[in-house]
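Everything quoted here is computed from the prediction, not taken from an experiment.
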Amino acid sequence: MFSFLGGRPCLDLTTTLQVRHREHPRELLKAPADVTRWLAEAGYGPDIAVDEDGLRRTVVLRETIDRLCRRTGRDTDRAELNAFAARPPLVPHWTGTAVEYRGDLRQALATVARDAIDLLAGPHADRIRECAHPDCSRLFLDASHAGRRRWCDMTACGTKAKSADYRRRRGSGS
């Protein structure tokens with residue numbers, strides 16, 4: 001259900017509202033259990049409790065990050081992001097074979113907010129891109145050497161876009 005193609009957890013959170021450029025975007029965080037599931041799939045722990053207020057706070061953080069990454073932010077967005085990040089983050093626990101994160105929703109949101117600050121204030125802020133496929137609005141980190149990546153994922157959006165372009169060219173007699 002969730003995709004993790006953004007290259008950073010904060011960007012992956014923004015994609016929980018899909019096709020946001022359309023009249024009717026697709027919301028993937030409809031209930032508190034959806035946030036719990038996203039956090040688990042993102043690697044932040046399988047049992048983080050989320051209530052209706054937690055769902056609301058998660059969506060507020062998601063939209064704040066999205067506006068800042070798209071450079072359409074409001075005057076209050078930076079302060080909002082900093083407030084989320086001011087709380088203690090999730091605590092990593094090394095099991096000997098893996099790292100597990102422990103904590104509650106506030107800590108998970110602080111961890112995502114800190115990731116966003118690290119990205120937005122760091123050297124890769126100018127590498128945040130929106131997928132060029134017309135049916136996708138995902139944000140992703142362009143980690144390519146040349147910095148000219150156009151799609152969130154070549155096997156998904158890139159192949160579809162190239163195939164559609166090919167069919168268009170073939171249909172026009174070129």
Next item on the list: Keeping to residues at least two apart or across chains, list the side-chain hydrogen bond (donor to acceptor under 3.5 Å, both in side chains) pairs with something in residues 71-85.
Entry: R67-D77
Let me check something: any side-chain donor-acceptor pairs from residues 36-43 under 3.5 Å, sequence neighbours excluded? List them with distances.
| residue | atom | partner | partner atom | Å |
| --- | --- | --- | --- | --- |
| T36 | OG1 | I48 | O | 2.9 |
| R37 | NH2 | D34 | OD1 | 2.6 |

Check: Between R70 and E130, is the closest basic N to carboxylate O distance under 4.0 Å?
Finding: yes
Notebook entry, point to check: Quick one: side chain to side chain donor-acceptor pair (under 3.5 Å) partners of D135, sequence neighbours excluded?
Noted result: R22
Checklist line | Any residue meeting side chain to side chain contact (heavy atoms under 4.5 Å, CB included) with R8, in chain and number order, not counting sequence neighbours | finding: C10, L11, D115, D118, L119, L141
Next item on the list: Keeping the roles fixed (side chain from R148, backbone from H145), state whether a donor-acceptor pair exists under 3.5 Å.
Entry: no
Notebook entry, point to check: Side-chain contact, heavy-atom cut-off 4.5 Å: I128 with F140?
Noted result: no
Next item on the list: Using a 4.5 Å cut-off on heavy atoms from C-beta on, say whether the side chain of L81 contacts that of L68.
Entry: yes
Check: Given side chains that start at C-beta, do those of C69 and L120 come closer than 4.5 Å, heavy atoms only?
Finding: yes
Note to self: Closer than 3.5 angstrom, by distance alone: can the side chain of S137 be matched with the main-chain N or O of R20 as a donor-acceptor pair?
What the structure shows: yes
Margin query: Between R127 (side chain only) and S144 (backbone N and O only), is there a donor and an acceptor less than 3.5 Å apart?
Written below: yes
Next item on the list: Using the test salt bridge (Lys or Arg N to Asp or Glu O under 4.0 Å), find all partners of D53 that sit at least two apart in sequence or belong to another chain.
Entry: R56, R57
Next item on the list: Measure the shortest side-chain to side-chain distance between P32 and E52 over non-hydrogen atoms and say whether it is less than 4.5 angstrom.
Entry: yes
Item checked: Sequence neighbours excluded, every pair satisfying side-chain hydrogen bond (donor to acceptor under 3.5 Å, both in side chains) that has a member inside residues 103-114 -> none
